[in-house]
Amino acid sequence: MAIQTPLLDPGTFVSRLNKIYGWYVGLFLGFVILVGIAEWLFGLTPKAIGYIFLIVVVGNFAMIGVYARTSAIAQYFVAGREVPAVYNGMATASDWMSAASFISMAGAIMLLGYDGLAFVMGWTGGFVLLAVFLAPYLRKLGAFTIPDFVGVRFGYGSYGQLSRVAALLITILVGFVYIVPQVAGVGIIVSRFIGIPFAIGCFVGLIGVLMCSMLGGMRAVTWTQVAQYIVLIVAYLVPSVALSYNITGNPVPFVSYGQVMAKNTEKEKAIFNDPKELEVKELYKKKQSPSRQR
């Protein structure tokens with residue numbers, strides 16, 4: 001049965017959503033446990049597990065997209081503007097936790113250290129600016145797209161179409177710059193996850209996106225992203241909880257993070273003061289001293 005937007009009783013709709021996604025959480029956790037048991041009993045290879053996860057998870061997202069199909073314009077472009085706040089937040093968080101977050105942001109911090117946090121702040125700050133300065137006014141104006149909003153809000157006289165076209169070109173440019181690394185990230189993840197060429201992995205990811213969004217637009221994307229949020233938050237929390245328990249004996253990583261950072265600081269001091277490290281530093285200083293004298 002397709003997910004219906006509320007017409008008369010929003011409370012009933014929210015209650016129904018809670019039940020649907022509650023069952024979804026239970027079934028997904030059960031699926032993960034079954035895969036773990038199958039790996040333990042039958043010795044499933046990582047490649048086989050990758051195929052199972054790809055088929056089941058992406059197929060599930062595609063089913064949600066098909067069931068949320070709609071022909072209503074408001075439902076297709078803005079999900080009827082009736083998505084509950086909590087689920088809208090889950091969908092937005094799922095959009096943030098994309099390939100760029102998994103690969104690019106983690107890689108930037110690994111390579112640049114604290115300097116990489118600038119990219120994280122800019123990435124996250126953009127979502128905040130969009131939510132505060134643009135999204136509410138789009139809703140108040142009743143516009144479906146950014147060019148619609150700019151054309152109505154700033155399109156005075158003969159400049160009406162010019163402002164709309166400018167907004168359209170900027171949207172396409174920003175979207176293109178954003179989507180290219182996302183597709184590349186999807187290709188990398190899929191290719192390494194199930195062992196297929198990078199180019200084919202890109203097309204597999206794009207086909208999954210089309211199946212999730214083509215028939216239902218923003219309505220299908222919203223409910224699919226809520227399901228993706230559940231998958232992603234489990235993928236984030238399970239390893240961090242396991243690592244936190246193994247390292248500190250505390251299964252709550254948010255509480256034990258300070259303890260781990262203190263240990264890392266002590267380890268860094270020990271490495272910096274190690275005699276071998278000091279010897280290497282002296283050798284580098286001697287190699288650099290002739291060039292400095294020149």
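All residue numbers refer to positions in the sequence shown, counting from 1.
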Besides Phe42, the hydrophobic cluster formed by Ile, Leu, Val, Met, Phe, Trp and Tyr side chains linked at under 4.5 Å, directly or via other members, contains Ile33, Ile37, Trp40, Leu41
Is it the case that one hydrophobic cluster holds both Val25 and Val32, taking links as side-chain heavy atoms less than 4.5 Å apart, direct or via other members? yes
Ring-plane angle category for Phe53 and Phe31, please: parallel below 30°, perpendicular beyond 60°, tilted otherwise. perpendicular
Do Ile52 and Leu44 have side-chain heavy atoms sitting under 4.5 Å apart? yes
Look at atom OH of Tyr51 and say whether more than 12 heavy atoms of other residues, nucleotides or ligands are closer to it than 6.0 Å. yes
For atom OH of Tyr245, decide whether the heavy atoms of other residues, nucleotides or ligands shown that lie under 6.0 angstrom number more than 12. no
Any Ser15 side-chain heavy atom under 4.5 Å of Lys19 side chain: yes
In Å and rounded to the nearest 0.5 Å, what is the CE to CD1 distance from Met90 to Ile233? 9.0 Å
If hydrophobic clusters are built from ILVMFWY residues whose side chains come within less than 4.5 Å, do Ile188 and Val183 share one? no
Tyr229 meets the side-chain hydrogen bond (donor to acceptor under 3.5 Å, both in side chains) criterion, sequence neighbours left out, with none
Nearest 0.5 Å, please: how far is CG in Leu237 from CG in Leu232? 10.5 Å
So which heavy atom on Thr171 is nearest to which on Pro147, and how close? OG1-CD, 4.3 Å
Check the hydrophobic clustering (I, L, V, M, F, W, Y; side-chain heavy atoms under 4.5 Å; chains of links allowed) and say if Val186 and Val221 are grouped together. no
Counting only heavy atoms not in Phe119 (residues, nucleotides, ligands), do more than 12 fall under 6.0 Å from its CZ? no
Is the shortest side-chain heavy-atom distance between Asn60 and Tyr24 below 4.5 Å? yes
Between Ile172 and Leu206, is there shared hydrophobic-cluster membership here, with clusters defined by ILVMFWY side-chain heavy atoms closer than 4.5 Å? no
Would you say Arg164 and Leu168 make side-chain contact, with heavy atoms under 4.5 Å? no
Look at the rings of Tyr87 and Tyr21 and say which category their plane angle falls in: under 30° parallel, 30 to 60° tilted, over 60° perpendicular. tilted
For Tyr178, does the OH atom sit with more than 12 other heavy atoms under 6.0 Å from it, leaving out its own atoms? yes
Quick one: are Trp96 and Thr92 in side-chain contact, heavy atoms under 4.5 Å? no
Using atom types as modelled, flag every donor-acceptor pair under 3.5 Å from a side chain in residues 267-277 to any protein atom, sequence neighbours excluded.
residue, atom, partner, partner atom, Å
Asn273, ND2, Lys269, O, 3.0
Asp274, OD2, Lys276, N, 2.9

